[in-house]
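All figures in this text were calculated on a predicted structure; none of them were measured in a lab.
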Amino acid sequence: MDIKKIKRSEDYSAWYNNLVKNADLAEHSAVKGCMVIKPYGYAIWETMQSELDRRFKDTGHQNAYFPLFIPKSFFSKEASHVDGFAKECAVVTHYRLKVDEKTGEIVVDPEAKLEEELIVRPTSETIIWNTYRDWIQSYRDLPILINQWANVVRWEMRTRLFLRTAEFLWQEGHTAHASAEEAIAETKQMLDVYADFAENILAVPVIKGFKTANERFAGALETYCIEGLMQDGKALQMGTSHFLGQNFAKAFDVKFVTKENKQEYVWATSWGVSTRLMGALIMSHSDDEGLVLPPRLAPIQVVIVPIFRKQEEQTLVLDKANEIAQSLKALGIRVKLDAKDNQSPGYKFAEYELKGVPVRIAIGPRDVQNGTIEVARRDTKEKQSMDASDVAHKISHLLEQIQQNLFQRALDFREEHITTVDTWDEFLHTLENKSGFISAHWDGTTATELKIKEACKATIRCIPLDNKQESGNCVFTGKPSSQRVLFAKAY
RNA sequence: CGGGGUGUAGCGUAGCCUGGUAUCGCGCCACAUUUGGGAUGUGGAGGUCGUAGGUUCGAAUCCUGCCACCCCGACCA
């Protein structure tokens, strides 16, 4: 493979695109804005899925599946929801094709027009709440705690692999509750689940917060989010958890009978993360050599590269390599022994670095003789020779260290890139020269938020949950403010 | 959707201005020698030049439409 090396520092977005392709994660398809997720990329997504799925089930949720298509009329039932999504919907208008008699081409059969158009789901609140109406009669039917793994379509103007594609994979949780308090607790619980997953599995530190009214999900009363900071200083929204109040229950007439025999509307939440997390993963840890994967997510955690010249050496080295592979497998480590003899060790080293394999073990005749192995870690690129005894436990420990190191490194970077500013000049200067999050006072109005966005493209990423209350003056208008919020340029 | 750019073999490219049937490197196949940081030699395969039209005796090359991607805006997870 002739890999074109593009440096992060020179052109961040070209570096990103190049990395996604070269590391075999995904590629553009024949369909505009839609990507093909390749086996190696999909394997990483599957690991994300299984880690998240386990957490969802541990918190009492069940998986279910709802239709891809949503009748158009469902969208008009919740006004702000339709406002939010109308501009990016794919619509099915016909159900049949036919051969045009004149041209011989396949055309849409005009006689097969649907009575009511179907929307390809951009999110499933409407079809799900329409269904919940029939599932809920009494407080005894609540809560309903459901998650769906699905694809959704949002017709985006400008797409980027994983970060924003017209079709993407995600999970969407939709829960129904008897009280606002319970629904809010659910919303917060799922935000914690996302934060735990992001930090402990992806090794990406996140800030938990909630969105301003302007950035809120269409139809939500409150949108909680986790925000990550990428290496180029731009913020990425990595997951959201919405408290929907009774908006969808009212729109779809979902009521329940309380203990006191009163009719009440059901309280709702929804929460989701998508294949965008792949983008977060790539942009948080990777370098000019390629992908860097945290061990807990890596499809291959350890690769063993045997080195040999002659036939006898090959047998000797492979025997030892196999033995090591077996001992690693016995500890549940995902290991690959790459015994291909048509690629040089140097080629393999570069290849597995590109793919982000956390640990590489090289073993040659010299090692077999000395009872050693060479261990290289992807995160720091350090190489060292070590005694081959008790390899499995040493490697297991090393994988854990790498996981921690990646998180710590990303955390240090983020902490260095949260700048507290009190004047508009400082604000602009920081945004221009340092980027990252800017912690500043804001007067709480959407008008100011929009003016700031217009002036410098920075938006309020979130109001952190653990925010200190302190009085100050809005960085833009000078009006009084009771707390700081986090601004950044965002993906 | 606006402004700019790009599209030639799996990947990266030369050729385009000045029209004559496509260059080179990597990869691929075979054999041999190799293998401790992207091996070498010899032979071989692989191309509707993004796509549809037009101009021309003749188009990768000139003209027009369309499509896709990249960068910058607007929109957004």
**Student:** Could you give the CG-to-P distance, from A/Asp24 to B/G27, as a whole number of Å?
**Tutor:** 17 Å
**Student:** Among residues two or more places apart or on two chains, list those pairs meeting ring pair (Phe, Tyr, Trp, His ring centres under 6.0 Å) that have a residue in residues 199-228 of chain A.
**Tutor:** A/His81-A/Phe217, A/Phe85-A/Phe217, A/Phe217-A/His242
**Student:** Let's test your reading of the model: under 3.5 Å, does the base of B/G37 pair with the side chain of A/Glu289 as donor and acceptor?
**Tutor:** no
**Student:** Identify each donor-acceptor pair in which a side-chain atom of residues 302-317 of chain A lies under 3.5 Å from a protein atom, sequence neighbours left out, and give them as a table.
**Tutor:**
residue, atom, partner, partner atom, Å
A/Glu313, OE1, A/Arg309, N, 2.6
A/Glu313, OE1, A/Lys310, N, 3.2
A/Thr315, OG1, A/Gln311, O, 3.0

**Student:** Can you establish whether the number of heavy atoms outside A/Lys188 located under 6.0 Å from its atom NZ is more than 12?
**Tutor:** no
**Student:** Taking atom P in both B/A9 and B/A22, compute the distance separating them and give it to the nearest angstrom.
**Tutor:** 14 Å
**Student:** Which ones in residues 301-317 of chain A lie close to RNA chain B, meaning a heavy atom under 4.0 Å from one of its atoms?
**Tutor:** A/Ile307, A/Phe308, A/Arg309
**Student:** Among residues at least two apart in sequence or on other chains, which ones pass ring-ring contact (aromatic ring centres under 6.0 Å, His included) with A/His28?
**Tutor:** none
**Student:** According to the interplanar angle, ranging from 0 to 90°, do the rings of A/Trp129 and A/Tyr132 count as parallel (below 30°), tilted (30 to 60°) or perpendicular (above 60°)?
**Tutor:** perpendicular
**Student:** Tell me the closest heavy-atom pair linking A/Ser29 and A/Cys34, and the distance in Å.
**Tutor:** OG-O, 2.6 Å
**Student:** Which pairs, protein N/O on one side and nucleotides 39-42 of chain B N/O on the other, fall under 3.5 Å?
**Tutor:**
residue, atom, partner, partner atom, Å
B/A39, OP1, A/Ser344, OG, 3.3
B/A39, OP2, A/Ser344, OG, 2.4

**Student:** Hey, can you pull the residues of residues 364-374 of chain A with a non-hydrogen atom under 4.0 angstrom from RNA chain B?
**Tutor:** A/Gly364, A/Pro365, A/Arg366, A/Asp367, A/Glu374
**Student:** Could I get the full list of side-chain contact (heavy atoms from CB on, under 4.5 Å) partners for A/Ala488, not counting sequence neighbours?
**Tutor:** A/Ala235, A/Phe437, A/Arg461
**Student:** Has A/Tyr12 got a side-chain atom pairing as donor or acceptor with A/Met283's backbone, closer than 3.5 angstrom?
**Tutor:** yes
**Student:** So that I can tick it off, tell me whether A/Glu449 and A/Lys453 are bridged by a salt bridge, with the cut-off set at under 4.0 angstrom between side-chain N and carboxylate O.
**Tutor:** no
**Student:** Among A/Glu125, A/His174, A/Glu172, whose side-chain hydrogen bond (donor to acceptor under 3.5 Å, both in side chains) with A/Ser270 holds?
**Tutor:** A/Glu125
**Student:** Is any N or O donor-acceptor pair between the side chain of A/Lys383 and the base of B/G37 shorter than 3.5 Å?
**Tutor:** yes
**Student:** Just by protein heavy atoms under 4.0 Å, how would nucleotides 65-77 of chain B read 5' to 3' in B, S and -?
**Tutor:** ---SSSSBBBBBB
**Student:** Measure from NZ or CZ of A/Lys77 to the centre of the six-membered ring of A/Phe74 and say whether it is under 6.0 Å with the direction within 45° of the ring axis.
**Tutor:** yes
**Student:** Under 3.5 Å, is there a donor-acceptor pair linking the side chains of A/Trp149 and A/Asp53?
**Tutor:** yes
**Student:** So how far is it from A/Asn370 CG to A/Ser385 OG, rounded to the nearest 0.5 Å?
**Tutor:** 7.5 Å
**Student:** List, with names and distances, any nitrogen or oxygen atoms from the protein found under 3.5 Å away from nitrogen or oxygen atoms belonging to nucleotides 4-7 of chain B.
**Tutor:**
none

**Student:** Under 4.0 angstrom, heavy atoms only, what part of the nucleic acid is A/Glu27 near: base, sugar-phosphate, or nothing?
**Tutor:** nothing
**Student:** How far does the P atom of B/A77 sit from the matching atom of B/G4, given to the nearest Å?
**Tutor:** 29 Å
**Student:** Tell me, please, which residues at least two apart from A/Ser80 pass side-chain contact (heavy atoms from CB on, under 4.5 Å).
**Tutor:** A/Glu78
**Student:** Side chains of residues 360-367 of chain A: which donor-acceptor pairs under 3.5 Å do they make with residues two or more places apart or in other chains?
**Tutor:**
residue, atom, partner, partner atom, Å
A/Arg360, NH1, A/Glu353, OE2, 3.1
A/Asp367, OD1, A/Thr372, OG1, 2.7
A/Asp367, OD2, A/Gly364, N, 3.0

**Student:** Give the dot-bracket string for RNA chain B, reading 5' to 3', where a pair is Watson-Crick or G-U wobble with both distances under 3.5 Å, ( ) marks pairs inside the strand, [ ] marks pairs crossing earlier ones, | marks a partner on another strand, and . marks unpaired.
**Tutor:** ((((((((.[[[..)....(...]]].((((((.....)))))).....[[[[[..)....]]]]])))))))....
